[in-house]
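In this chain, residues are counted from 1 in sequence order. Ligands are counted one by one from 1 in listed order, and the atoms in each one are counted from 1 as well.
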Amino acid sequence: MSAFDQELTARLDGIREQGLLRELRRVDSAQGPRIEIGGRTLLNFSSNDYLGLANHPALKEAAIRAVEKFGAGAGASRLICGSLAPFHELEEALATFKGTEAALSFSTGYAAAVGTITALLGKDDIIIVDKLVHACIVDAAKLSGAKLRVFAHNDLNDLKDILKWADTRNRESTNKGNILIITESVFSMDGDRAPLEQLVALKEAYGAWLMLDEAHATGLYGVNRRGLAEECGVSDTVEIQMGTLGKALGASGGYICGSRALIDVLVNRARSFIFSTAPVPAAAAAASAAIDILQQAEGDSLRRNLWELLKTFSKINPALLWFPSAIQPLKIGDEAQAVSVASELRERGFFVPAIRYPTVARGSARLRITLTASHSEDQVIAIGNALSPVCEKLRQLSGLRDA
Ligand SMILES: *Cc1c(COP(=O)(O)O)cnc(C)c1O
């Protein structure tokens, strides 16, 4: 073995010893309530395809039509070889859907975060993030060179203290920087929500900007299913609305919605947009078809399905539901134990991921159960019942700890 591979093998051993080794599991079917893994069909409770659109005929057809007209690949970055029509149609649809002046699509949500944050902030600025924001936001904030501060999860007092500090620092400094607060509306691994109304009040009071990542809320909340900002009536005060096209929208890509000025700056300054080949046109066309469905009666009925299934699920395990979200975490703590529960469930025909460090903090491993509109009531009852003994055991353990 080469010295290089020896070193890497030692690193892998270290990861394995901590119960943190990850391996890819090949799936031989489309995403849906049932997936095929290793020759077995499992009930799938792992996907972020919350409305069941990833395998929807309208999205597939839109993708196929886009391939036939525009080909498989985009050829270059959109500023180099021209910008294909499906991206423009998508961005118009996104802006209308979200009720903003303009929108820009990126190859992924990750690229949207990295491109946007580094385009807007630099070393004189301050970025303040919730402790539980997604890795792409943390990476982007670090890359930007801005001063990064973290507030305790959903803790408005902590946020206020940091805003006071930032305000004082700005007053005392000659080059006054901008302050950007970033949070998620619904948190990816906890399924809880941010206190958006109070957060907006705070950021207004301190003249900070707000970037809101609606990755797990777009399509699910608000009268028009725009997201939690709509439900809370604060959309107009959020400077930067971010999301992904790969979760409830069933396709692939990321987006930023906001003012025309914001989008124009991003086209000129977002490096992940400028220096990267445009996504395949099929992805944009599929996402446009998803936005179309969301805005129609079908979108409403899919969402209602999901909340009905959630009710069924929470009746079986009442401790699990505290905010209506498609993400239901079952916290186990120990990494190896979480993996072993997930593997037991797999044996019994359920595919539920064990989420571990570095996705969540060490010692807070969990099962992350996601429900989608395309599950049947029977399937949800089945996973609810399969989890009951796990819940019971956890209750006993926490009772022992409390005593
Ligand atoms: C998934 C996710 C992203 C990244 O989006 P991709 O399109 O998957 O790159 C960003 N933020 C949050 C909160 C996410 O859960």
Side-chain angles (χ1 to χ4, degrees), residues 24 31 46-51 53-54 59 87 90-91 94 98 103-118 127 129-143 150 153-154 180-194 196 199 210-221 226-229 238 240-257 266 270-273 276-280 282-284 286-288 290-291 323 325-329 353 355-356 358-361 366 368-372:
L24 292 170
Q31 276 299 319
S46 68
S47 168
N48 298 324
D49 178 25
Y50 303 127
L51 294 175
L53 294 180
L59 272 74
F87 301 120
L90 169 62
E91 286 157 0
L94 272 168
K98 286 277 189 175
L104 189 67
S105 64
F106 289 75
S107 53
T108 61
Y110 194 110
V114 170
T116 301
I117 293 167
T118 58
I127 298 178
V129 303
D130 185 285
K131 172 88 178 135
L132 294 189
V133 292
H134 193 265
C136 64
I137 292 167
V138 177
D139 294 355
K142 286 181 179 164
L143 188 61
V150 179
H153 179 50
N154 279 343
L180 174 68
I181 302 169
I182 315 177
T183 193
E184 287 173 33
S185 54
V186 172
F187 285 85
S188 60
M189 296 300 141
D190 289 66
D192 60 341
R193 55 163 288 183
L196 288 188
L199 234 147
L210 178 61
M211 177 167 178
L212 185 64
D213 183 349
E214 296 247 45
H216 300 278
T218 305
L220 301 182
Y221 305 92
R226 292 172 179 172
L228 198 64
V238 180
I240 309 161
Q241 300 192 46
M242 166 189 162
T244 172
L245 305 169
K247 287 167 184 162
L249 293 177
S252 169
Y255 68 80
I256 297 290
C257 288
L266 294 181
R271 295 169 66 87
S272 63
F273 177 84
S276 190
T277 301
V280 296
S288 294
I291 292 168
F323 164 67
S325 147
I327 303 158
Q328 298 290 315
I355 306 288
R356 293 166 284 167
T359 306
V360 294
R366 67 201 60 182
R368 178 179 183 267
I369 302 115
T370 49
L371 303 180
T372 76

[X]: numbered ligand 1 atoms lying under 4.0 Å from its heavy atoms:
| X | value |
| --- | --- |
| A215 | 11 (N), 12 (C), 13 (C), 14 (C), 15 (O) |
| T244 | 5 (O), 6 (P), 7 (O) |
| Y110 | 4 (C), 5 (O), 6 (P), 9 (O) |
| G109 | 4 (C), 5 (O), 6 (P), 7 (O), 9 (O) |
| G253 | 7 (O) |
| S188 | 15 (O) |
| E184 | 13 (C) |

* To do: Give the residue, atom name and distance (to 0.1 Å) of the protein heavy atom nearest atom 11 (N) of ligand 1.
  => D213 OD2, 2.5 Å
* To do: Look at atom 2 (C) of ligand 1 and say which protein heavy atom is nearest, naming residue and atom and giving the distance to 0.1 Å.
  => K247 NZ, 2.4 Å
* Asked: Does C136 have a heavy atom less than 4.0 Å from any atom of ligand 1?
  -> yes
* To do: Determine yes or no for a side-chain-to-main-chain donor-acceptor pair under 3.5 angstrom, with R368 supplying the side chain and S188 the backbone.
  => yes
* Asked: Is there a donor-acceptor pair under 3.5 Å between the side chain of K131 and the backbone N or O of V150?
  -> no
* Structure fact -> Here the side chain to side chain donor-acceptor pair (under 3.5 Å) pairs for residues 242-252, sequence neighbours left out, are none
* Asked: Between Q241, R226, K98, which is the residue that forms a side-chain contact (heavy atoms from CB on, under 4.5 Å) with T218?
  -> K98
* Just checking, is any N or O donor in the side chain of H153 or D192 under 3.5 Å from an acceptor N or O on the other one? -> yes
* Asked: How would you list, by chain and number, every residue that makes a ring-ring contact (aromatic ring centres under 6.0 Å, His included) with Y221, sequence neighbours excluded?
  -> W307, F323
* **Output field: ring centroids F187/H134 closer than 6.0 Å** => no
